[in-house]
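What follows is a single structure, written as structure tokens, with notes after it.
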Amino acid sequence: MNYTYLIVEPHVLPGVSLVRLNRPKELNALCLELMDELVLAIKSLDQDEATRCIVITGNEKAFAAGADIKQMSTKSPIDMLKIDQFTKWDQIRKTRKPLIAAVSGFALGGGCELAMLCDMIIASESAQFGQPEIKLGVMPGAGGTQRLTRAVGKAVAMEMVLTGRFLSAREALSVGLINRVVPVELYLQEALQMGAKVASQAPLALQLAKEAVLKAFDTSLEEGLLFERKNFYLLFATDDQKEGMNAFTEKRSPNFKGN
Ligand code: CAA
């Protein structure tokens with residue numbers, strides 16, 4: 001499939017596929033067309049057996065500077081309701097395979113929200129995270145008030161959402177928003193390597209483990225523990241569980257097949 005606003009590179013490393021947002025002049029502003037393509041691309045990689053982990057990136061200057069303000073500025077509430085773009089974003093949240101964001105430069109508004117839809121975030125030293133919608137007379141609409149608050153807590157989320165202040169990569173690391181900060185020339189490589197590490201694990205275990213961690217955000221501890229336990233037991237139906245445990249006993253590396 002040919003994309004206008006993305007570059008999709010399947011299997012850049014074993015099991016790892018890369019999706020680059022490619023609207024550089026607009027700092028990868030997330031216009032509707034780009035997001036439609038992104039949802040499609042992620043869905044098709046989610047269904048690709050040879051892809052076990054997906055990395056989403058932008059370029060050195062911008063991961064994404066938010067939803068497209070120019071495209072949005074004249075919309076009425078009914079237009080917004082009819083387009084209902086954030087329901088499409090939910091499709092990304094439903095990706096079964098692990099998603100890693102490789103962020104450099106601006107990750108603002110919808111860009112920060114897109115990074116937070118991913119399961120892990122690797123940032124370059126130049127990355128800046130922010131929810132500046134308040135300066136536009138609006139507020140975050142794609143999870144910024146919810147995922148950010150869960151990730152960094154009320155005080156920092158309130159400051160970011162109510163003042164629009166950006167966090168540097170180091171600050172984002174210190175408040176637990178991201179996993180790692182590396183020099184600019186290494187952020188993509190680092191994310192891909194982390195992707196390869198993830199991709200070398202048993203795919204069904206990855207899927208059920210991801211599901212269980214995400215469950216922690218919207219359930220009680222009791223229900224979450226029950227969910228976790230059922231997923232754990234279910235994995236004993238897989239060949240990869242036998243392979244993983246046999247490999248441990250036989251002191252060799254496992255060869256996971258995804259069954
Ligand atoms: N939408 C549309 N176009 C954007 C954009 C956006 N979010 N961000 C940047 N651009 C465009 C600029 O208009 C400019 O285009 P022109 O050359 O045609 O004028 C081009 O990208 C380069 O941007 P700047 O000249 O502004 O670059 P800069 O380095 O001086 O500033 C910046 C960079 C601080 C990121 C600044 O562009 C900026 O503040 N962008 C908007 C950030 C923002 O408010 N994001 C939130 C959007 S709303 C949202 O995301 C809602 C939601 O919850 C989903």
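Indexing begins at 1, ligand by ligand and atom by atom, following the structure's order.
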Is there a donor-acceptor pair closer than 3.5 Å between any side-chain N or O of S124 and the backbone N or O of P183? no
Any idea which heavy atoms bring L40 and Y3 closest together, and the distance? C-OH, 4.2 Å
Indicate the atoms forming the closest heavy-atom contact of L34 with A29, along with that distance. CD1-O, 3.9 Å
Counting heavy atoms only, which part of L30 comes closer than 4.0 Å to ligand 1: side chain, backbone, both or neither? neither
For K61 and ligand 1, answer yes if some heavy atom of the residue is under 4.0 Å from a ligand atom, otherwise no. yes
Please assess T249 against N246 for the test side-chain hydrogen bond (donor to acceptor under 3.5 Å, both in side chains), listing each intermediate value before the final yes or no. CA-CA 5 Å; T249 312; N246 286 340; 5.2 Å; no
Counting from 1, what ligand 1 atoms have a heavy atom of D68 closer than 4.0 Å? 1 (N), 2 (C)
Which protein heavy atom lies closest to atom 24 (P) of ligand 1, and at what distance to 0.1 Å? L27 CD1, 4.4 Å
Close-contact set for ligand 1 against G109 heavy atoms, below 4.0 Å: 46 (C), 50 (O)
Which option, S73, A64, A65, owns the non-hydrogen atom nearest atom 42 (C) of ligand 1? A65
Per-atom contact, atom 39 (O) of ligand 1, protein heavy atoms, under 4.0 angstrom: no
Would you say that more than 12 heavy atoms from the other residues, nucleotides or ligands in this model lie under 6.0 Å from the CD of Q47, or not? yes
P132 heavy atoms, cut-off 4.0 Å: which ligand 1 atoms fall inside? 43 (C), 44 (O), 45 (N)
Ligand 1 and I69, any nitrogen or oxygen pair closer than 3.5 angstrom? yes
Looking at T149 and A157, what are the two nearest heavy atoms and their distance? OG1-CB, 3.5 Å
Check each heavy atom of A29 against ligand 1 and say whether those closer than 4.0 Å belong to the side chain, the backbone, both or neither. side chain
Between the main-chain N or O of F217 and the side-chain N or O of R150, is there a donor-acceptor pair closer than 3.5 Å? yes
Below 3.5 Å, N or O to N or O, backbone or side chain included: is there any such pair between L108 and ligand 1? no
Which protein non-hydrogen atom lies closest to atom 10 (N) of ligand 1, naming both residue and atom, and how far is it? E26 O, 3.8 Å
Should M72 be counted as touching ligand 1, given the test is an N or O pair under 3.5 Å? no
Under 4.0 Å from a heavy atom of F86: give me the atoms of ligand 1 that qualify, with their elements. 54 (C)
Please list, in number order, the atoms of ligand 1 under 4.0 Å from a heavy atom of L136. 44 (O), 47 (C), 48 (S)
Check whether the side chains of D90 and T87 place a donor and an acceptor atom closer than 3.5 Å, and report yes or no. no
Please step through salt bridge (charged side-chain N to carboxylate O under 4.0 Å, His left out) for the pair R147 and E113, ending with a clear verdict. CA-CA 8 Å; R147 281 193 193 96; E113 290 165 315; over 6 Å; no
Please indicate, with yes or no, if any protein heavy atom is found under 4.0 Å from atom 28 (P) of ligand 1? no
Could you list which atoms of ligand 1 come closer than 4.0 Å to a heavy atom of G110? 49 (C), 50 (O), 52 (C), 54 (C)
Considering only heavy atoms, does R23 approach ligand 1 within less than 4.0 Å through its side chain, its backbone, both, or neither? neither
In L99, V213, I54, L206, the residue satisfying side chain to side chain contact (heavy atoms under 4.5 Å, CB included) with D119 is L99
Is there a side chain to side chain contact (heavy atoms under 4.5 Å, CB included) between L38 and V19? Walk through the geometry before answering. CA-CA 8 Å; L38 185 61; V19 179; 3.7 Å; yes
Taking the side chain as every heavy atom from C-beta outward, state whether F129 and I178 have any pair of such atoms under 4.5 Å apart. yes
Quick one, V175 and L167 - any side-chain contact, counting heavy atoms below 4.5 Å? yes
Quick one: does ligand 1 sit under 4.0 Å from the side chain of Q71, the backbone, both or neither, non-hydrogen atoms only? neither
Which of the ligand 1 atoms, numbered from 1, are nearer than 4.0 Å to a heavy atom of E133: 48 (S), 49 (C), 50 (O), 51 (C), 52 (C), 53 (O)
Are there protein heavy-atom neighbours of atom 2 (C) of ligand 1 below 4.0 Å? yes
Give a yes/no on ligand 1: does P140 have at least one heavy atom closer than 4.0 angstrom to it? yes
If you measure from atom 18 (O) of ligand 1 to every heavy atom of M35, K70, K25, which option wins on shortest distance? K70
Have Q71 and E26 got a donor and an acceptor in their side chains that come within less than 3.5 Å? no
Does ligand 1 come near enough to W89 that some N or O of the ligand is less than 3.5 Å from an N or O of the residue? no
So L18 and T57, do their side chains get closer than 4.5 Å, heavy atoms only? yes
Can you list the atoms of ligand 1 that are under 4.0 Å from a heavy atom of E113? 52 (C), 53 (O), 54 (C)
